[in-house]
Amino acid sequence: MPGTVWFVGAGPGDPELLTVKGRDLIARAGAILFAGSLVNEAATRWAPAGCAIADSKDMTLQQMGRWLVAQAQQHETVVRLQTGDPALYGTLIEVVQALDAAGVPLAVVPGVSSAMASAAAAVESFTLPEVTQSVIFTRVEGRTPMPPGESLAELARHRCTLCIFLSITLLHKVEHGLREAGWPEDAPVLVVHKASWPGEERIVRGTLHDIKQRCRDAGIVSQAMIIASPTLGARDWPELAKSKLYDATFSHRFRRASLVPGEPS
Ligand code: SAH
């Protein structure tokens, strides 16, 4: 019986943002394949002595599949460490299919996505009552084509929060999409470079009008999350629409509204 291959979300960069489950799997892994270009190598710091550790940076998908299958023949626990969460832009299914074909059991452990780490870094909320209640994870078209209906201009028409991955070198396309969807020139845009990486995280705030220049001035050309959202900067708003769930006049399943507004129920 082959061992199990665990696809583990390594989190956005700070090794402490690995889950306890991910860390425990690493600690008993016979082999670890990590995404060298993105995953902080420190994530492998809990690996046991003698663990086979390889960097997938120069491997094709086929080679990755073969390496994992071969390791699963020898070890009970094999870990494929991926940046952020494995379900986002992570070639998960391509490698899973290779393991399925070889009859190797597998499981996925979620991780903290860089989208969430970027919101945390900047103390922002993706949702606010009466502002937006939806988040779109997307990218702009580079070498990977966007499916019909998913151009940034189309998605941005929703005026919800947009977390734009893999697009920092294509900021001109991001700007174009937002403008086409009617976002104003002073719409706030946030860029977080290396969110959560100890000592390396950088936060750039700007507007649709100047974010490209600000990123250029800061020299940010890789590993960055672009966030466009009507919620950005809400920390400084004098008036915040209160969530209806906490409004004393609003009844819901767990709490009956008080008859006198403002009194605890
Ligand atoms: N699965 C990953 C995303 C992989 S795609 C996740 O859930 O985060 C790689 C893209 O993720 C990068 O181009 C960048 O847009 C973003 N990214 C990854 N790590 C990041 C970090 N620490 N800070 C900001 N953006 C990051």
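Counting starts at 1 for both ligands and their atoms, following the listed order. This structure is a prediction, so every number in the text was calculated from the model and none was measured.
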Check residues 22-35 and write down every donor-acceptor pair under 3.5 Å in which the side-chain atom is one partner and the other belongs to a residue at least two apart or another chain.
none

Using residues 85-94 as the side-chain source, report each donor-acceptor pair under 3.5 Å to any protein atom, sequence neighbours left out, with the distance given to one decimal.
{"residue": "Asp85", "atom": "OD1", "partner": "Ala87", "partner atom": "N", "Å": "2.7"}
{"residue": "Asp85", "atom": "OD2", "partner": "Gly111", "partner atom": "N", "Å": "3.0"}
{"residue": "Tyr89", "atom": "OH", "partner": "Thr138", "partner atom": "O", "Å": "3.4"}

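For ligand 1, one of its N or O atoms has an N or O atom of Asp85 under 3.5 Å away. Considering backbone and side-chain N/O atoms, Ile164 never comes within less than 3.5 Å of an N/O atom of ligand 1. Geometrically, ligand 1 and Ser113 share a nitrogen or oxygen pair separated by less than 3.5 Å. Between Thr83 and ligand 1, at least one N/O pair is under 3.5 Å apart. Polar contact check, Ala195 against ligand 1: a nitrogen or oxygen pair lies under 3.5 Å apart.
With a heavy-atom cut-off of 4.0 Å, Glu201 does not touch ligand 1 at all. Under 4.0 angstrom from ligand 1, the non-hydrogen atoms of Ala224 all belong to its backbone.
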* Derivation of the side-chain contact (heavy atoms from CB on, under 4.5 Å) call for Val5 and Val95 -> CA-CA 11 Å; Val5 174; Val95 182; over 6 Å; no
* Steps toward side-chain contact (heavy atoms from CB on, under 4.5 Å) verdict (Thr127, Thr231) -> CA-CA 7 Å; Thr127 60; Thr231 66; 5.9 Å; no
* Asked: Would Glu154 and Glu180 satisfy side-chain contact (heavy atoms from CB on, under 4.5 Å), going step by step from the backbone distance to the final call?
  -> CA-CA 9 Å; Glu154 284 164 294; Glu180 216 182 307; over 6 Å; no
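Proximity annotation for atom 3 (C) of ligand 1: of Ile168, Leu88, Asp14, Leu88 comes nearest, heavy atoms only. Comparing heavy-atom distances from atom 18 (C) of ligand 1 across Ser114, Gly90, Ala115 singles out Ser114 as nearest.
For ligand 1, the atoms closer than 4.0 angstrom to any heavy atom of Gln223 are 23 (N), 24 (C), 25 (N). With ligand atoms numbered from 1 in the order given, ligand 1 contributes 22 (N) to contacts under 4.0 Å with heavy atoms of Trp197. Near Val192, with a cut-off below 4.0 Å to any heavy atom, the atoms of ligand 1 are 24 (C).
Between the side chains of Arg66 and Gln63, no donor N or O sits under 3.5 Å from an acceptor N or O.
Between Ser222 and His193 the shortest side-chain heavy-atom distance falls below 4.5 Å. The shortest side-chain heavy-atom distance between Leu162 and Leu152 falls under the 4.5 Å cut-off.
For the pair Ala117 and ligand 1, no heavy-atom separation below 4.0 Å is found.
Heavy atoms only, all atoms of each residue included: Leu128 and Ala234 are closest at CD1-CB, 3.4 Å.
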